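In what follows, a structure is listed as structure tokens, so that the remarks can point back to it.
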Amino acid sequence: MSKHIAIVLAAGKGNRMQSSTPKQFMTIHGHPLLFYSLDVFQKSFIDEILVVTSEDSIDYVQNEIVLKYQFTKVKSVIQGGAERYNSVWAALKELENSTCDYVYIHDGARPCIDEELLERLSVSLVSNHACITGVPVKDTIKEVNEKGYVTATPKRSSLWAVQTPQCFSYPIIKKAYQEMINTVSSGEYSSKEITDDAMVLENFSDERVQIVLGSYNNVKVTTPEDISLVEKLLENISDKKLENNIKMC
Ligand code: CTP
Ligand code: MG
């Protein structure tokens, strides 16, 4: 049996949210935002969860989230780094000495995932070493130069907005990340260009990345107006969870 591990990222500062509480811990319908995605992983086929957070949030995550909600699949809560890719790299290194076949790298700031999505990704992993979730873009996308003039209009039919989870064969993403880290240290590559994990694989390996249809509801909480949106989206999810819990009792 293959081992599937979720890496849930919660080490960001949330500068664009401009909130004193990091956005991943803001309260939505009585629970910290991070609770929602951990709950989906906990109830899914995923074997283990690794949470990455800032040094001063480790105790909070352990006590107020992992212990409080009995997320038994969370095997460790570790310290992340200054940039998202540093946090991912910390997690990939942490898994070095454990058996791990596949990692599902997920933004803790995306609370609206569901188990069906995780299952679609796991099916894709049977025949691919890398698969990511995303949705076709609805808007026309323009390339714009630094002076604010349009320089190109890429063909919309080939454009997708990508989300997380992004899933990979562990040894393959670890090797690509190692290559990227070496290239960044030698000054040949700017880490500022890295905006997702798949692009590390695209730039530092020959692997193909498959897109799996995600959901327009799988938004990343980034700026203040996203809060009311996820409150609305999670209202239905909270109601469903409540119904299930009542049935279980
Ligand atoms: N993240 C992380 N470590 C970092 C930066 C980001 O674990 N050093 C995580 C965030 O907690 C979030 C996800 O990566 O769950 C996506 O990042 P983003 O939305 O950019 O969050 P922040 O970096 O916190 O926000 P901002 O860029 O506005 O500061
Ligand atoms: Mg960020």
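Atoms within a ligand are numbered from 1 in the order they appear, just like the ligands themselves. Being a predicted model, the structure only gives us computed values, none of them experimental.
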Any chance CG of N63 has more than 12 other-residue heavy atoms, nucleotides or ligands included, within less than 6.0 Å? yes
Please could you name the atoms of ligand 1 that G108 approaches to less than 4.0 Å, counting only its heavy atoms? 15 (O)
Counting neighbours of CD on E55 that are heavy atoms of other residues, nucleotides or ligands and sit closer than 6.0 Å, is the number greater than 12? no
Closer than 3.5 angstrom, by distance alone: can the side chain of D114 be matched with the main-chain N or O of E116 as a donor-acceptor pair? yes
Nearest protein heavy atom to atom 21 (O) of ligand 1, by residue and atom, and its distance? K23 NZ, 3.1 Å
Give the single entry among V221, D107, T164 that approaches atom 13 (C) of ligand 1 most closely by any heavy atom. D107
Check ion pair D197-R84 (N to O, under 4.0 angstrom): yes
Heavy-atom proximity to atom 26 (P) of ligand 1, picking from V51, N15, T222, points to N15
Output yes when the distance from some N or O of ligand 1 to some N or O of A11 is under 3.5 Å, and no in every other case. yes
re atom 8 (N) of ligand 1, the protein heavy-atom contact at minimum distance is G81 O, 2.8 Å
Please confirm whether the backbone N or O of I113 pairs with a side-chain atom of N218, one donor and one acceptor, at under 3.5 Å? no
In terms of heavy-atom contacts, does CD of Q70 have more than 12 from other residues, nucleotides or ligands at under 6.0 Å? no
re atom 24 (O) of ligand 1, the protein heavy-atom contact at minimum distance is G14 N, 2.8 Å
State whether the side chain of S76 and the backbone N or O of I78 hold a donor-acceptor pair below 3.5 Å, judged by distance alone. no
Give the residue and atom name of whichever protein heavy atom lies nearest to atom 15 (O) of ligand 1, and the separation in Å to one decimal. L9 O, 2.9 Å
Who's the nearest protein heavy-atom neighbour of atom 3 (N) of ligand 1, and how far? S87 OG, 2.7 Å
A82 neighbourhood, listing ligand 1 atoms whose heavy-atom distance to it stays under 4.0 Å: 8 (N)
Are E235 and K232 close enough for a salt bridge, meaning some N to O gap below 4.0 Å? yes
Answer side chain, backbone, both or neither: which part of K220 comes under 4.0 Å from ligand 1, heavy atoms only. side chain
Relative to ligand 1, is P22 under 4.0 angstrom through side chain, backbone, both or neither, heavy atoms considered? neither
If you measure from atom 20 (O) of ligand 1 to every heavy atom of K13, R84, R16, M17, which option wins on shortest distance? R16
Can you label the angle between the Y69 ring and the H31 ring as parallel, tilted or perpendicular, going by 30° and 60°? perpendicular
Look at K3 together with E48 and state whether they make a salt bridge at an N to O cut-off of under 4.0 Å. yes
Show me which atoms of ligand 1 lie under 4.0 Å from any heavy atom of E83. 4 (C), 8 (N)
Which residue and heavy atom of the protein sit nearest atom 23 (O) of ligand 1, plus the separation: G12 CA, 4.1 Å
